[in-house]
There are 2 protein chains.
Amino acid sequence: MEQSDAAIRTRAAERKAPPTIYDIARLTGVSPSTVSRALNKPGRLNAQTERRIRDAAAELGYRINPMARALPTGKTGTLGLLVSDITNPAYFDLVRGAERVASETGMTIVFADSQESPELERATAERLQTSVDGLLLVGSRLEDHQIQDLSSVKPLVVVNRLVEGIPAVIPDVRPGITTALELLREAGHRRIAYLAGPEASWMNGQRWQHAFEIAVEWDMSIVEIKSNAPTREGGAEAFGRVKAADVSAVLAYNDLVALGLLRECRDHGLDVPGRLSIIGFDDIFGADLPTPALSTIRMPLAALGERGIRRLLTEIDGGESEDESALPTEFVGRESIAAARS
Amino acid sequence: MEQSDAAIRTRAAERKAPPTIYDIARLTGVSPSTVSRALNKPGRLNAQTERRIRDAAAELGYRINPMARALPTGKTGTLGLLVSDITNPAYFDLVRGAERVASETGMTIVFADSQESPELERATAERLQTSVDGLLLVGSRLEDHQIQDLSSVKPLVVVNRLVEGIPAVIPDVRPGITTALELLREAGHRRIAYLAGPEASWMNGQRWQHAFEIAVEWDMSIVEIKSNAPTREGGAEAFGRVKAADVSAVLAYNDLVALGLLRECRDHGLDVPGRLSIIGFDDIFGADLPTPALSTIRMPLAALGERGIRRLLTEIDGGESEDESALPTEFVGRESIAAARS
DNA sequence: AAGTGACTGGCAATCGGTTGACAATTGTTC
DNA sequence: GAACAATTGTCAACCGATTGCCAGTCACTT
């Protein structure tokens with residue numbers, strides 16, 4: 001016991017330097033540059049030599065030192081992914097999608113969140129930029145010119161946002177909102193509210209604007225209600241204002257605020273969906289858990305993550321890429337909506 | 001419009017190389033090594049010179065190139081954080097805690113998940129090791145010797161796991177389980193089941209073992225029921241086995257399986273908690289959402305993340321650090337438990 | 001006035017790769 | 001058999017920092 005324990009400690013302490021191309025060169029009797037070519041430029045060398053070098057590399061357990069390579073090439077093999085709030089489950093699928101594409105292409109993702117703070121976002125973005133090949137900004141709360149400035153340093157792609165001159169990947173919120181409002185109208189709702197998200201969120205603007213346009217077109221009354229934070233707490237705090245607004249249905253900025261509102265309604269004995277219908281946005285983990293289960297508008301999150309990374313990669317390669325079509329959202333009907341009381 | 005658009009594109013295309021210490025050296029008329037000292041060894045230089053250099057650096061918007069620094073020093077300023085499944089909300093708080101400590105100390109965290117696959121975990125760990133100063137393995141599904149091997153390459157700390165010779169940060173699951181079983185016993189439960197998690201999970205072993213010991217000690221009958229995956233789906237699939245086991249209460253490996261089981265009970269008309277009491281583990285986001293809200297055993301996740309990173313940092317500095325006390329878990333009573341029917 | 005030591009700042013080697021230029025070798029063609 | 005081309009591998013410079021060693025200054029002792 002003690003013996004093996006000691007052995008392990010020793011082993012850990014003795015961490016020897018990992019093998020380099022110089023070690024491989026010595027072992028095979030060629031020059032380091034030849035080793036580099038054998039490993040990176042298949043075909044450039046004699047097939048036998050290449051074989052020998054590759055075998056030696058495998059035998060030594062050689063792994064390239066990314067830092068050393070990054071120096072002359074300027075390529076780190078790393079992409080930065082910056083989200084506004086890591087504790088929002090909506091980002092799960094997006095991160096998963098991004099990660100999948102990244103690992104397919106042998107890239108590493110550095111993942112960070114800005115806790116809904118623009119200052120922190122800018123600082124983090126700048127810090128990351130020194131060590132990544134490109135940056136993916138998801139739901140950025142920065143101002144347009146700040147994003148443009150960042151983009152002048154390193155390739156950058158925004159998701160859930162549009163900024164002039166910056167490549168972007170966005171969903172089309174219209175299909176989902178249209179279906180949702182259609183259902184509400186058919187169910188007799190005439191007065192609805194939009195429970196807003198952060199003002200700095202472009203996505204929030206989109207959701208409000210389309211809901212507004214459609215409601216106006218269909219002759220429903222619509223009001224915007226502020227919420228303090230795009231969280232469950234924020235949704236709960238808005239309860240009083242929602243109640244006072246005298247509406248029969250609420251479309252929320254996202255599922256978090258919808259869930260917060262839903263819970264608060266229950267705690268105050270306000271019947272959902274009997275007296276108030278609630279619709280969320282994103283279809284996050286847990287949206288189906290409460291009673292009534294939350295109806296929501298599903299975002300194509302995994303696809304946004306995948307496309308975001310793909311777009312970033314072509315941006316890094318300097319390739320042109322035509323703008324792809326926006327990814328559609330989809331209404332997910334659950335139990336939180338019902339007919340309006342006449 | 002087109003004009004400014006073109007301007008932005010041009011700007012992005014013209015990405016000029018960021019300033020280096022050589023630029024600063026030229027601007028201030030000193031040598032690069034002096035610049036390096038001015039920036040990293042405060043006091044080593046004449047105060048005026050240092051001032052001049054710092055000002056010049058600020059003016060140029062200099063940011064150190066982490067790659068270039070990493071080469072001679074071997075320090076990348078980056079830590080790897082590897083979790084078993086990024087879509088498990090349990091990791092939120094842990095990641096947040098880890099991130100906080102890391103950014104306090106100026107470190108960057110690279111975050112990755114292994115999707116419950118040991119092979120992927122090993123591959124990812126090895127890949128990360130080439131570019132980080134140390135690795136934090138959370139809920140690793142690897143075997144002990146694999147972890148020990150990894151540890152012989154770079155500093156490594158495990159969370160929610162114990163491996164001989166490897167520094168670890170773990171919670172103490174006993175307080176939470178003890179309180180939970182105490183409540184069940186007082187409520188008249190005599191036959192309970194443990195709905196298991198992955199066999200490769202050390203944490204699963206802990207939870208089962210302590211529940212087992214306590215149940216035996218208190219003369220309650222206890223059985224272990226396998227689940228296919230530590231997810232909501234896995235919990236739902238176990239419903240039949242749970243029902244067949246003829247128990248009045250279930251302690252689940254984690255909240256995900258508990259939530260899955262809870263939902264399945266509801267869908268099959270099995271009254272929770274009237275006929276079956278359910279207790280989860282972790283207290284994840286959403287545990288309080290269903291009706292009945294899920295009782296659970298809360299893990300000190302943020303603290304685990306913080307301590308994990310701290311421990312890793314001292315490990316990197318080669319410092320000794322005495323083992324801290326295990327962090328206690330805590331029972332969170334909600335609606336999913338009730339008295340057993342006699 | 002020579003000796004001592006503290007303080008400053010420069011030189012040059014080094015980390016581990018990449019890559020353009022070139023030399024050596026081999027094969028091909030007339 | 002000489003001229004030429006293609007193939008293969010080496011040389012050496014370079015990426016952007018860090019750091020041990022040394023030299024020059026200057027003030028202060030004795």
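In what follows, chains carry the letters A, B, and so on, assigned in the order in which the sequence lines appear, proteins first and then strands, with residues in each chain numbered from 1.
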Engineer: Going 5' to 3' through nucleotides 22-27 of chain D, assign each nucleotide B (protein heavy atom under 4.0 Å from a base atom), S (under 4.0 Å only from sugar-phosphate atoms) or - (no protein heavy atom that close).
Structural biologist: ------
Engineer: Taking only heavy atoms on the protein side, list every residue of residues 123-132 of chain A lying under 4.0 Å from any atom of DNA chain C, sorted numerically.
Structural biologist: none
Engineer: Write down the distance between CG (L60(A)) and C1' (dG17(C)), rounded to a whole number of angstrom.
Structural biologist: 16 Å
Engineer: Does D85(B) come within less than 4.0 Å of R141(B), counting only side-chain N to carboxylate O?
Structural biologist: no
Engineer: Between the side chains of R127(B) and T108(A), does any donor sit under 3.5 Å from an acceptor?
Structural biologist: yes
Engineer: Would you find a donor on one side and an acceptor on the other, under 3.5 Å apart, between the side chain of S151(B) and the backbone of I147(B)?
Structural biologist: no
Engineer: Contact class for T73(B) (heavy atom, under 4.0 Å): base, sugar-phosphate, or nothing?
Structural biologist: sugar-phosphate
Engineer: Would you say the side chain of V132(A) lies within less than 4.5 Å of the side chain of L79(A), judging by non-hydrogen atoms?
Structural biologist: no
Engineer: Between dG9(D) and T49(A), is there an OP1 or OP2 to side-chain N/O distance shorter than 4.0 Å?
Structural biologist: yes
Engineer: Is R52(B) salt-bridged to D55(B), cutoff N-O under 4.0 Å?
Structural biologist: no
Engineer: For I21(A), report the nucleic acid contact type (base, sugar-phosphate, nothing); a contact means any heavy atom under 4.0 Å.
Structural biologist: base
Engineer: Between the side chains of R26(A) and D23(A), is the shortest nitrogen-to-carboxylate-oxygen separation below 4.0 Å, so that they form an ion pair?
Structural biologist: yes
Engineer: Check this for me: does any side-chain nitrogen of one of D317(B) and K75(B) sit under 4.0 Å from a carboxylate oxygen of the other?
Structural biologist: no
Engineer: For R69(A) and dC14(D), give me the distance from atom CZ to atom C1', rounded to whole Å.
Structural biologist: 16 Å
Engineer: Check the side chains of T20(B) and Y62(B) for a donor-acceptor pair under 3.5 angstrom, ignoring hydrogens and angles.
Structural biologist: no
Engineer: What is the distance, to the nearest angstrom, from the NZ atom on K75(B) to the P atom on dG16(C)?
Structural biologist: 14 Å
Engineer: As a test of reading the structure: which of dT19(D), dC15(C), dT18(C) is closest to the side chain of N40(A), going by heavy atoms?
Structural biologist: dT18(C)
Engineer: Could you label the plane-to-plane angle of the F92(A) and F92(B) rings as parallel, tilted or perpendicular, counting under 30° as parallel and over 60° as perpendicular?
Structural biologist: tilted
Engineer: State, to the nearest 10°, the angle formed by the axis through the first five base pairs of the helix from dA1(C)-dT30(D) to dC30(C)-dG1(D) and the axis through its last five.
Structural biologist: 50°
Engineer: Between the side-chain atoms of R37(B) and the base atoms of dG10(C), is any donor-acceptor pair under 3.5 Å?
Structural biologist: yes
Engineer: Taking atom P of dT14(C) as reference, at what distance in whole Å does atom CG of N65(A) sit?
Structural biologist: 18 Å
Engineer: Using a cut-off of less than 4.0 Å, is there contact between a side-chain N or O of N46(A) and OP1 or OP2 of dT7(D)?
Structural biologist: no
Engineer: So do L162(A) and V158(A) actually touch side chain to side chain, heavy atoms under 4.5 Å?
Structural biologist: no
Engineer: Can you tell me if S31(B) and T34(B) form a side-chain donor-acceptor pair at under 3.5 Å?
Structural biologist: yes
Engineer: Of the candidate nucleotides dT18(D), dG17(C), dG9(C), which contains the atom at the shortest distance from the side chain of Y62(A)?
Structural biologist: dG17(C)
Engineer: Regarding V35(A), tell me which of base, sugar-phosphate or nothing describes its non-hydrogen contacts under 4.0 Å with the strands shown.
Structural biologist: nothing
Engineer: Looking at the side chain of A68(B), which of dG10(C), dG16(C), dA17(D) is the nearest nucleotide?
Structural biologist: dA17(D)
Engineer: So for S33(A) and dC11(D), does any side-chain atom that can act as donor or acceptor lie under 3.5 Å from a complementary atom in the base?
Structural biologist: yes
Engineer: Please report the distance, rounded to the nearest Å, between OH in Y22(A) and P in dC15(C).
Structural biologist: 8 Å
Engineer: Any carboxylate oxygen within less than 4.0 angstrom of a Lys/Arg side-chain nitrogen, looking at D149(A) and R122(A)?
Structural biologist: no
Engineer: Provide, to the nearest angstrom, the distance between the CG atom belonging to L71(B) and the C1' atom belonging to dT18(D).
Structural biologist: 10 Å
Engineer: Rounding to an integer number of Å, can you tell me how far K41(B) NZ sits from dT8(C) P?
Structural biologist: 16 Å
Engineer: For a quick test of reading the model: is some side-chain N or O of T34(A) closer than 4.0 Å to OP1 or OP2 of dG9(D)?
Structural biologist: no
Engineer: How close or far is atom P of dT25(C) from atom CG of L45(A), stated in whole angstroms?
Structural biologist: 17 Å
Engineer: Do S140(B) and E121(B) have a side chain donor and acceptor closer than 3.5 Å?
Structural biologist: yes
